Amino acid sequence: MAERITPRSEDYSRWYTDVVIQGKLADYAPVKGCMVIRPNGYAIWEQMQKVLDRMFKETGHVNAYFPLFIPESFMKKEAEHVEGFAPECAVVTHGGGEKLEEPLYVRPTSETIIWSMYKKWIMSYRDLPILINQWANVVRWEMRTRLFLRTTEFLWQEGHTAHATFEEAEEETRRILEIYRTFAEEYMAMPVIVGRKSEAEKFAGAVHTYSIEAMMQDGKALQAGTSHNLGQNFAKAFDVKFQDRQGNLNYVYATSWGVSTRLIGALIMTHGDDNGVIIPPRLAHIQMVIVPIWKESNRQEVLDFSEQVFQKLKPHFSVKLDDREQYKPGYKYAEWELMGVPLRIEIGPRDVASNQVTLVRRDNREKTPVSLDVLIERIQEMLETIQQALFQRALEFRKANTFRIDDYEEFKKVFEEKNIFAESHWCGSADCEEKIKEDTKATIRNIPFEQETEEGKCIYCGKPSQGRVVFAKAY
RNA sequence: CGGGGCGUAGCGCAGCCUGGUGAGCGCGCCUGGUUCGGGACCAGGAGGUCGGAGGUUCGAAUCCUCUCGCCCCGACCA
């Protein structure tokens, strides 16, 4: 605990690791590329699950669970899908001490096994839509891993829906994308750019992939959620047809969508500072912590008063009373700041004397004395203020680091010097996209929905373009 | 898979080059006391087959060979 966190200005990537390790969010596991999500980190995930699960349910989705193991033959049914995932799959070849007749893939995602089941369940248009989500772990054999951002095994939710028409599937895809946007912006206080992925960046087996993209404090982009319209690709691969009202047989339309524990990394890199994580109030499992400050002479009064405040707040907020004797207040401040608790309530002899407490914001350390009579209202306001302030700060940061660039030489120069979002014209060719990536390492994060149509020229080849896309170096 | 770094107490490290004195330091942990409005202090204490295997030597944490593992940076990806 006494170890210092590497300042962000010194080494951003070490800062990130320090925050995760020292904040006890996660730890390295004995298996390369794998991590243990510790209680502090898992609590964040549970909060995310709680909110997202509610949003999914409100839009008619239900939860289910499909197996971890997928027969090899399933994985090979959808051509693009195989190509996309085969190289990064873990495969089980033995079981019960014997070689398996058919190897089992540990799911990298569940489209194939789910569609093999949908085949059994879908006969008629009356069976549609199917709106299933599952909370699960998946495994992708990544070469290079980073805590939360990319680990061999990770937790996520994956929605898999089946529809009668392309339009309906498209609508579902976009509905979920909007849920992701709402969650990111209103709960995580993380501004995102909502848009469509380029052909090169889209999901293996999808017709369209949409994403929300966030800017981290080092100017790199992080894909925070994806939603795919899979068209009839998986229905065809698994021969899933339904009979419509007129009696015609048709392939079913599919969507899939997911967010993962990567969001925890996103949260850290959006709001964290040199003292640790900052968790937005609406997502915090502990919204505030009471730290009593006493001298031997007034110990009991301070503790009694703190207990009284604690009881008063408990029905309204998620609050913790830190009355541990073995640590001094300063130590406790540092510790709770490291873990990101958005609000601290200091109670010392002076507060007791004037029937007040001292509120301290995690985001800017501002201290405010508040009388007990108005405490609950003030705290409510302050939590909301912090929530807004975090979002605004992140939004300002993104704006300050986003540039419209129309000249390729400038584009290259900028990406050599720093990480930013570049809004530039692009003709739509995968070739230009690839060349730009080779030159600069910047890729098209997405093609934002929100933008005015504007005539322009492709930043690379100069051919006509109708709009701008977002280029950035990505995590 | 390429490049770099590293395995010595729970964590972070020194010691290794130049083999030999009782394996050491900081943090943490335990006990007692004093402290407590921004990471307290004093005293005492517990804790290590020096990543593993082989070799050289009278003697190896230290030299040699092999091996296992991890982290960081690059090519692929949520």
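Chain letters run A, B, ... following the sequence lines, proteins first and then strands; every chain starts at 1. All values below come from the heavy atoms of this structure, side chains included, with hydrogens, waters and symmetry mates left out. None of these values were measured; they are calculated from a predicted model.
Between B:G39, B:G37, B:G38, one nucleotide has an atom nearer to the side chain of A:Glu335 than all others, and that is B:G39. The side chain of A:Ala334 has B:G39 as its nearest neighbour among B:C36, B:C29, B:G39. Distances were taken from every side-chain heavy atom of A:Tyr333 (C-beta onward) to each of B:C73, B:C36, B:G38; the shortest belongs to B:G38.
Between A:Phe154 and A:Ile37 there is no side-chain heavy-atom pair separated by less than 4.5 Å.
Look at B:U31: its Watson-Crick or wobble partner, with both distances under 3.5 angstrom, is B:A43. Here B:G69 sits opposite B:C6 as a Watson-Crick or G-U wobble pair (both hydrogen-bonding atom distances under 3.5 Å). For B:A23, there is no paired base (Watson-Crick or G-U wobble, both distances below 3.5 Å). Using N1 to N3 plus N6-O4 or O6-N4 for Watson-Crick, or N1-O2 and O6-N3 for G-U wobble, each under 3.5 Å, B:C50 pairs with nothing. Using Watson-Crick or G-U wobble geometry with both donor-acceptor distances under 3.5 Å, B:A60 finds no partner in any strand shown.
Salt bridge annotation for A:Glu433-A:Lys437: absent, with no cationic side-chain nitrogen under 4.0 angstrom from a carboxylate oxygen.
The aromatic rings of A:Trp135 and A:Trp45 lie perpendicular to each other, with more than 60° between the two planes, well past the 30° mark.
Listed by chain and number, the residues in a salt bridge (charged side-chain N to carboxylate O under 4.0 Å, His left out) with A:Lys441 amount to none (sequence neighbours excluded). Under the side-chain contact (heavy atoms from CB on, under 4.5 Å) criterion, A:Lys57 pairs with A:Asp53, A:Asn63, not counting sequence neighbours. Applying the side-chain contact (heavy atoms from CB on, under 4.5 Å) criterion to A:Asp322, with sequence neighbours excluded, gives A:Val289, A:Arg324, A:Lys332, A:Trp336.
Summarising the geometry of A:Ala389 relative to A:Asp363, their closest heavy-atom pair is CB-OD2, 3.7 Å, with the distance given to 0.1 Å.
Protein atom CG of A:Asn275 is 11 Å distant from nucleotide atom C1' of B:G39, rounded to whole Å.
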I'd like a table of atom pairs between the protein and nucleotides 67-71 of chain B - only N or O on both sides, under 3.5 Å - with the distance next to each one.
from: B:C70; atom 1: OP1; to: A:Lys32; atom 2: N; distance (Å): 3.1

Give every pair of a protein N or O atom and an N or O atom of nucleotides 40-43 of chain B that lie under 3.5 Å apart, one pair per line with the distance.
none

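Side-chain atoms of A:Glu337 and base atoms of B:G39 include no donor and acceptor less than 3.5 Å apart.
Listed pair A:Arg144 / B:G74 meets the phosphate criterion, a side-chain N or O lying under 4.0 Å from OP1 or OP2. Side-chain nitrogen and oxygen atoms of A:Lys441 include at least one within less than 4.0 Å of the OP1 or OP2 phosphate oxygen of B:A75.
For the segment residues 211-218 of chain A, the set of residues with a heavy atom within less than 4.0 Å of an atom of RNA chain B is empty.
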